[in-house]
Undergrad: 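Sharing a structure with you now.
Numbering of ligands and ligand atoms starts at 1, following listing order. This is a predicted model, so every value here is computed, not measured.
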Amino acid sequence: VTIYVLEGTPPARIYQVKAADPENAKLKYSLLPASVPFSVFENGTIFSRKEFDYEKDPHCYFLNITVTDPDGLNSTRTVNIKIININDERPYFITKQRIYRIPEEQSLHTVVANVSAKDPDDEGSPSRLFYSIQSSHRYFSINSLTGVLQVTGRIDRDALPLQLHPNISLIVRVEDSPSGGHDNELEITIIIDDINDNPPECNPSTFRKEANENTAAGTFLLELRNYCKDIDVDPSNNRFNFTGLSGFGSNNFALESTLSGRLVMTESIDLENRANLGVEVYALTVRVQDIASPNYSNIIYIYIRIKPVNEFFPVFSNLSYVFNVPEIAKGTSHRKIEGVKDLWESPAQLMLRVSWVHHRRVNARDKDRPPSVITYSIIAGGGTRNYANIFWISPTKGHLKILARLDYETAQKHILTVQASDQEKTATASVTVNVLEVNDEEPVCLPNFYSFQIPVSLSVGTNINGFRIECQDRDSEPRSFRYFINEGNVNNHFTFSPSAGSNTSRLILKSRFDYESGLDTNWIYRLRVYITDDNLLSARDKTTRLVKTGTVTLSIRVIPNPTTVVTTTPGFTLVTKRENLYSGSAWYVPFVITLGSLLLLGLLGYLGLLLATWLRTRCSPARRAHSTPPINAPEKKKPKKDVVVTMTKLNTVFDGEARDPVTGRMYEFNTQSGARRWKKSNEPLQPEPALQVTSSAKDDSGQGTGRAEAPSKKEPSENRKKLTAETKPASKLTEGQ
Ligand SMILES: *[C@@H]1O[C@H](CO)[C@@H](O)[C@H](O)[C@H]1NC(C)=O
Ligand SMILES: *[C@@H]1O[C@H](CO)[C@@H](O)[C@H](O)[C@H]1NC(C)=O
């Protein structure tokens with residue numbers, strides 16, 4: 001008989017032995033061997049005496065049960081008792097290793113650990129254990145059947161969190177049943193070791209530095225170590241050095257120590273040196289490299305600009321400059337702009353004008369490379385008392401320009417101080433501007449307009465009326481004047497003496513008038529006198545030798561001898577055209593003329609009446625009471641010889657003026673008719689009242705009153721009318737000359 005007993009079962013009856021005796025005798029049961037933890041009762045019941053532990057106790061017992069009757073007859077049988085194992089024990093880890101070290105960055109499925117456990121219940125048989133770690137671990141997983149721990153995620157020691165906490169703790173759990181069994185746990189620690197898997201990095205990786213030229217050799221520029229690092233955690237992987245300095249001009253620089261990467265200058269760089277000409281920026285490269293294998297590296301770019309230093313003072317091309325600038329006639333430039341050419345302008349004058357527009361230049365350089373920008377300024381002497389700034393210098397080009405007119409007669413020389421500056425250093429030069437005299441002043445002669453009446457019989461060589469002109473010229477000597485009559489000197493009757501070499505000259509009658517033979521027909525001479533200056537002063541330069549001309553206009557009327565006049569010419573009766581010019585819009589002019597004419601007519605009538613009265617009182621006083629029209633008088637009686645009855649139509653246009661040498665007063669005259677009147681004299685002269693006619697006719701010069709020597713008639717077309725009058729007023733003015 002085989003009896004199965006579960007382990008852990010408490011002591012209890014486990015089997016009933018049955019035996020039979022034919023004699024029905026009382027049977028006795030016994031059990032052998034006695035060492036087994038079982039007993040058998042008298043009635044044959046087998047009890048277990050202990051609780052069995054499969055893992056400790058024998059798994060199987062053999063009981064020899066003997067049954068004996070009172071006669072001693074017996075029978076023996078064997079009972080086989082087997083203990084049945086149950087899962088009552090916890091599995092346990094047989095792996096002793098708790099700490100593992102692995103390098104970072106292991107590839108996936110790399111085996112990290114082999115964890116094994118055993119279950120006492122399964123002693124001697126392949127165990128059924130299940131391994132696990134906390135689900136979805138970041139780096140590892142465990143094979144649930146074999147307990148092999150593998151890498152399943154990237155392990156980067158150089159990044160958080162491993163960078164700070166490189167030890168990973170893991171709880172490995174083992175279970176002996178998929179559900180409801182016994183389990184056990186094991187904590188293991190995996191230490192992640194750093195490997196050299198990163199190159200050194202520099203931030204920035206490109207450097208720009210400046211160094212002044214001529215910096216002393218050995219000058220420190222840059223310590224690269226301060227900008228570079230290696231993220232590898234392990235100090236041995238974190239070491240690098242700087243090597244391989246290269247690039248154009250790298251011989252001027254060096255790395256003081258490969259560890260620190262201190263960059264220093266080995267040469268002083270002079271930008272003015274021809275070898276360095278044009279080089280301002282040196283481009284260098286340096287390699288930064290891990291000391292640890294596999295010697296990862298990076299390239300650093302370094303640009304070093306050599307800053308120019310302003311070392312040199314500007315230097316003018318000349319220590320001093322002398323510019324010769326001709327002065328220029330007043331208004332010349334103005335005239336040039338308008339394009340009106342002066343009648344007497346010479347080509348030399350035109351040239352001068354152009355050169356005036358031109359400018360002179362100063363020039364300064366400095367030896368600095370690259371070249372400094374030089375600016376120019378006038379720091380002293382740019383003006384005179386009257387003009388603050390005669391000169392201006394263009395700041396960039398150094399052109400000296402003349403803003404105001406240079407006047408030799410005011411200042412013959414200007415001395416300026418010109419400065420050249422390279423923004424830091426300055427230099428000065430003196431500029432002397434010599435004003436070249438140009439004969440830009442014309443002679444000014446007084447009087448410049450004059451009118452004479454001269455008797456026809458004037459003897460040759462006479463200084464006519466004592467007339468002389470006096471000339472003045474701001475830039476010419478008194479000796480430089482020449483006089484000549486350019487126009488109107490018909491038959492060369494007139495000349496000036498002296499004709500040159502003096503600032504005063506007299507008008508001389510050169511040859512006799514000869515009207516009788518018909519040689520002369522002109523009674524009126526209008527002379528245009530030119531006075532030139534030879535200006536010997538400015539003659540050093542031929543181009544500047546200029547002649548300036550002034551003009552004087554003379555009007556001369558030849559008065560015939562009274563005797564001659566009567567016999568040859570019946571007086572000089574001039575019929576000239578009256579010129580009243582007025583603008584069409586001046587409506588009042590015709591009105592005033594008409595009114596004036598009416599008044600004149602009335603006055604004329606009154607005068608006629610007076611004359612008639614006078615004649616009657618003179619010729620026939622007896623008939624005083626009787627009134628006879630004076631018009632009839634000439635029929636009765638011829639006028640006396642000494643009474644020249646002349647009607648002169650006066651031209652009311654006065655186009656000349658002159659000074660009466662006797663009274664010193666100015667008078668105006670008509671150059672055609674010789675008529676004249678005092679100028680700007682409101683009160684009329686006091687000739688015979690009977691002969692005075694006040695005309696209110698206006699002319700274009702706006703003069704309202706004119707004084708006539710003889711009565712005027714209002715209608716120019718009217719035939720001349722004869723009146724009896726004395727010639728006294730007409731001769732009164734000429735008498736004094
Ligand atoms: C793990 O360990 C067990 C026992 O120590 C061994 O039989 C097995 O081969 C090992 N497995 C691996 C992958 O090392
Ligand atoms: C003319 O010249 C003399 C010297 O030669 C001088 O004294 C005089 O003032 C001058 N006259 C004029 C009007 O310039």
Undergrad: Distance check, rounded to the nearest 0.5 Å: Q453 atom CD versus I556 atom CD1?
TA: 11.0 Å

Undergrad: E470 heavy atoms, cut-off 4.0 Å: which ligand 2 atoms fall inside?
TA: 11 (N), 13 (C)

Undergrad: Applying a heavy-atom cut-off of 4.0 Å, say which part of C471 lies close to ligand 2: side chain, backbone, both or neither.
TA: backbone

Undergrad: By number and element, which atoms of ligand 2 are closer than 4.0 Å to a non-hydrogen atom of P478?
TA: 2 (O), 5 (O)

Undergrad: Short question: side chain of N522, backbone of Y525 - any donor-acceptor pair under 3.5 Å?
TA: no

Undergrad: Kindly say whether I415 contributes a backbone atom to a donor-acceptor pair with the side chain of T432 at under 3.5 angstrom?
TA: no

Undergrad: Pull out every atom of ligand 2 sitting under 4.0 Å from any heavy atom of Q472, numbered as shown with elements.
TA: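 Near Q472, meaning under 4.0 Å from one of its heavy atoms, ligand 2 has 14 (O).
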
Undergrad: Would the distance check show the side chain of R528 and the main-chain N or O of T551 forming a donor-acceptor pair, the cut-off being under 3.5 Å?
TA: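 Flag not set: sc R528 to bb T551 has no pair under 3.5 Å.
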
Undergrad: Please work out which of the three classes, parallel, tilted or perpendicular, describes the rings of H493 and F513, given edges at 30° and 60°.
TA: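 Judged by the thresholds at 30° and 60°, the geometry between F513 and H493 is tilted.
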
Undergrad: Give a yes or no on whether atom 7 (O) of ligand 2 lies under 4.0 Å from any heavy atom of the protein.
TA: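 No, no protein heavy atom sits under 4.0 Å from atom 7 (O) of ligand 2.
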
Undergrad: Any protein heavy atom at under 4.0 Å, with atom 11 (N) of ligand 2 as the reference point?
TA: yes

Undergrad: To the nearest 0.5 angstrom, please state how far the CD1 atom of I379 sits from the OG1 atom of T428.
TA: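 Answer for the CD1-OG1 pair, I379 versus T428, is 5.5 Å.
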
Undergrad: List the closest protein heavy-atom neighbour of atom 2 (O) of ligand 2: residue, atom name, distance to the nearest 0.1 Å.
TA: N503 ND2, 2.2 Å

